[in-house]
Structures are given as structure tokens and as C-alpha cells.
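What follows is a set of notes on a single structure, which appears directly below.
What you see below is based on every heavy atom in this structure, not just the backbone, and it leaves out hydrogens, waters and symmetry mates.
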Amino acid sequence: MQLADLKPGQTARILNMGALAPAMRRKLMVMGLLPQSEIRLLRTAPFGDPVQIATAGITLSVQKQLALHIEVASL
């Protein structure tokens, strides 16, 4: 399942971010989006892009195109 597939309020664990370019993966990891971390989809913008997620005390918005490359497992 991809991060983009989550519904608002749903919680998941990040499994793999290997499909992202190394520079983008590093940037997201610096912001707190780490493998095996628990995330919650807070909301999706009216037209579906971007999505707002919360993890480890931070909230950030991610473009749907990036969310399609982040593999998660629903909790």
C-alpha cells in the first residue's frame, strides 16, 4: 500500500522509501519521515494534492506524487 492510498485519520508504518530519488529521500528523512516510523494521514487537499501527515511530533505536507513512492503498512 502507498502513502497516497491512506484515508484521513488512518495510521500506518513506513516500510520503504527506496523508490524516491536519493536526494528527496534524504530530505524527507531529515524532516522526520523515517523508515519504520508511525504516521497518520491528517487530511487531503480539496483536489487531492498535497496530503498532510503527522509523525513524531511534526506535521508536514507531501505532494501526492511523492506519496505514491512511499510504501506503508496500515496499522
Side-chain angles (χ1 to χ4, degrees):
M1 159 185 269
Q2 307 304 65
L3 175 58
D5 298 332
L6 295 177
K7 303 292 182 228
Q10 197 171 6
T11 304
R13 184 171 309 280
I14 297 176
L15 297 178
N16 188 3
M17 299 191 320
L20 293 170
M24 181 55 67
R25 184 172 52 242
R26 191 170 32 255
K27 189 180 283 191
L28 290 173
M29 290 173 76
V30 166
M31 288 190 279
L33 214 57
L34 301 168
Q36 299 304 314
S37 61
E38 191 173 302
I39 60 168
R40 184 168 40 99
L41 184 78
L42 298 176
R43 71 186 100 199
T44 304
F47 292 108
D49 193 20
V51 295
Q52 185 179 22
I53 59 174
T55 182
I58 64 161
T59 302
L60 61 120
S61 292
V62 179
Q63 292 177 337
K64 192 163 190 171
Q65 187 62 33
L66 291 177
L68 289 169
H69 296 300
I70 300 173
E71 186 180 348
V72 299
S74 184
L75 295 178

- Output, in order, the C-alpha distance, side-chain angles, deciding distance and verdict of side-chain contact (heavy atoms from CB on, under 4.5 Å) for I14 and T55. CA-CA 10 Å; I14 297 176; T55 182; 5.9 Å; no

- Query: Judged by modelled atom types alone, do S74 and Q10 share a side-chain donor-acceptor pair under 3.5 Å?
  - Reply: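 Distance-only check passes for S74 and Q10.
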
- Do any N or O atoms from the side chain of R13 and from the backbone of Q36 form a donor-acceptor pair under 3.5 angstrom?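 Yes.
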
- Message: Whether the side chain of D49 engages the backbone of K64 through a donor-acceptor N/O pair (distance < 3.5 Å, no angle test) should be reported.
- Response: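 Looks like yes, one N/O pair under 3.5 Å.
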
- Message: On a heavy-atom basis, which atom in L60 and which in M31 lie closest, and how many Å separate them?
- Response: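 Distance-wise, the nearest heavy atoms are CD2-O, 4.3 Å.
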
- Work out which heavy atom in A67 is nearest to a heavy atom in V62; give both atom names and the distance.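 Taking A67 first and V62 second, the nearest heavy atoms are N-CG1, 4.0 Å.
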
Return the [atom1] to [atom2] distance between [X] and [Y], rounded to the nearest 0.5 Å.
X   : Y   : atom1 : atom2 : value
I70 : I53 : CD1   : CD1   : 6.5 Å
L75 : E38 : CG    : CD    : 5.0 Å
M1  : L6  : CE    : CG    : 5.5 Å
M24 : Q65 : CE    : CD    : 11.0 Å
L33 : K27 : CG    : NZ    : 13.5 Å
H69 : N16 : NE2   : CG    : 12.0 Å

- Flag if over 12 foreign heavy atoms under 6.0 Å of CZ, R25: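 Counting other residues, nucleotides and ligands, CZ of R25 exceeds 12 neighbours.
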
- Item | M29 side chain near M17 side chain, heavy-atom distance below 4.5 Å |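 Heavy-atom side-chain distance check passes, below 4.5 Å.
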
- Message: Side-chain heavy atoms nearer than 4.5 Å, only ILVMFWY residues, links allowed to pass through others: does that put L34 and L28 together?
- Response: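 As far as the 4.5 Å side-chain criterion goes, L28 and L34 are connected within one cluster.
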
- Item | Single-linkage hydrophobic cluster L3~I58, side-chain heavy atoms < 4.5 angstrom |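 Same cluster.
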
- Task: Quickly, which of V51, L42, L41 forms a side-chain contact (heavy atoms from CB on, under 4.5 Å) with P8? Name it, please.
- Result: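 Of the listed residues V51, L42, L41, the side-chain contact (heavy atoms from CB on, under 4.5 Å) partner of P8 is L41.
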
